[in-house]
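Worksheet: the structure to be examined is printed underneath.
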Amino acid sequence: MGKIEWAMWANEQALAAGLILLVGGIVGVAGQFRGWQFAAYAVAAGVFVCLLEYPRGKRSKGTSVERTGQYCFTVCVKSFGPLTRNYYVRAFLHAAICVPGGFMLATVLGCVCLGIASLIYLGAAVRGEQWEPILPWKETRKPVGESIKNPPQNPPPRPPAEMRRKRLDDLEGAAYVNPISVTANEY
């Protein structure tokens, strides 16, 4: 069985938590709930978490699929170096960010989701995973091998010589012999 890459799951969980925190904060500010200052904080925290978590990290297998438009966010996240590459830092950062969201009902769900993402990041950090950016790579051409230089003369499929279509110059010779007897009214 393959090794589970926990950071991939934590990234998806944290991105969803950031969106939930953002929406909960918008609802809290728009509704002018009691303690709406926590909702304003949740809007800022949700935007920060979404910007931090939008770029996916490279998988160890190499089968990474980047999100649409993640390149500019990848450059920004990569510029912070070990602060964003280390999953211990991300785990404690998310845990600290989610605490104020627990003081208001509109942001509690985002707070809980971000806390779960923090625990998953902590598990990924304990297993030794770290964030590697998915950067565009230039395709390098490999040198052509000796056997590939001379392609086959006949395109596939290549039927046996006796089965190939005969020339129409000789009409009798071009006709095929049907191996199955055909008779009228066999019923």
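All figures in this text were calculated on a predicted structure; none of them were measured in a lab. Reckoned from all heavy atoms, side chains included, excluding hydrogens, waters and symmetry mates.
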Atom CH2 in W6, atom CZ in R127: separation rounded to 0.5 Å? 6.0 Å
Note, L105 side chain near F33 side chain (heavy atom, < 4.5 Å): no
Ignoring hydrogens and geometry beyond distance, is a side-chain donor-acceptor pair present between E53 and H94 at under 3.5 Å? yes
What one should report as the nearest heavy-atom pair of L122 and F92 is CD1-CZ, 4.4 Å
List the atom of C98, the atom of A95, and the distance in Å for their closest heavy-atom pair. SG-O, 3.3 Å
Answer yes or no: does atom CG of L83 have more than 12 heavy-atom neighbours from other residues, nucleotides or ligands under 6.0 Å? yes
Could you pull out the closest heavy-atom pair between R56 and N11, with the gap in Å? CG-OD1, 4.0 Å
Could you identify which residues cluster with L109, counting Ile, Leu, Val, Met, Phe, Trp and Tyr as linked when any side-chain heavy atoms lie under 4.5 Å apart, either directly or through a chain of such contacts? I20
Heavy-atom nearest pair, G102 first then V108, reads O-CG2, 4.0 Å
Nearest-0.5 Å distance, CZ of residue F103 to SG of residue C111: 9.0 Å
Of V43, V112, T107, the residue whose pairing with L21 passes side-chain contact (heavy atoms from CB on, under 4.5 Å): T107
For A10 and I120 the tightest heavy-atom approach is CB-CG2, 3.4 Å
Rounded distance [0.5 Å steps], CD1 in I116 versus OH in Y121: 14.5 Å
Any donor-acceptor pair under 3.5 Å linking the side chain of Y41 with the backbone of I97? yes
If you measure from CZ on F48 to CG on L22, what distance do you get to the nearest 0.5 Å? 14.0 Å
If we ignore hydrogens and angles and just use 3.5 Å, is the side chain of Q13 paired with the main-chain N or O of C113 as donor and acceptor? yes
Treat each ILVMFWY residue as a node, draw an edge where side-chain heavy atoms are under 4.5 Å apart, and state whether V99 and L52 are in one component. no
Between CZ of R90 and OH of Y87, what distance do you get to the nearest 0.5 Å? 5.5 Å
Distance-minimising heavy-atom pair for G18 and C50: C-SG, 3.6 Å
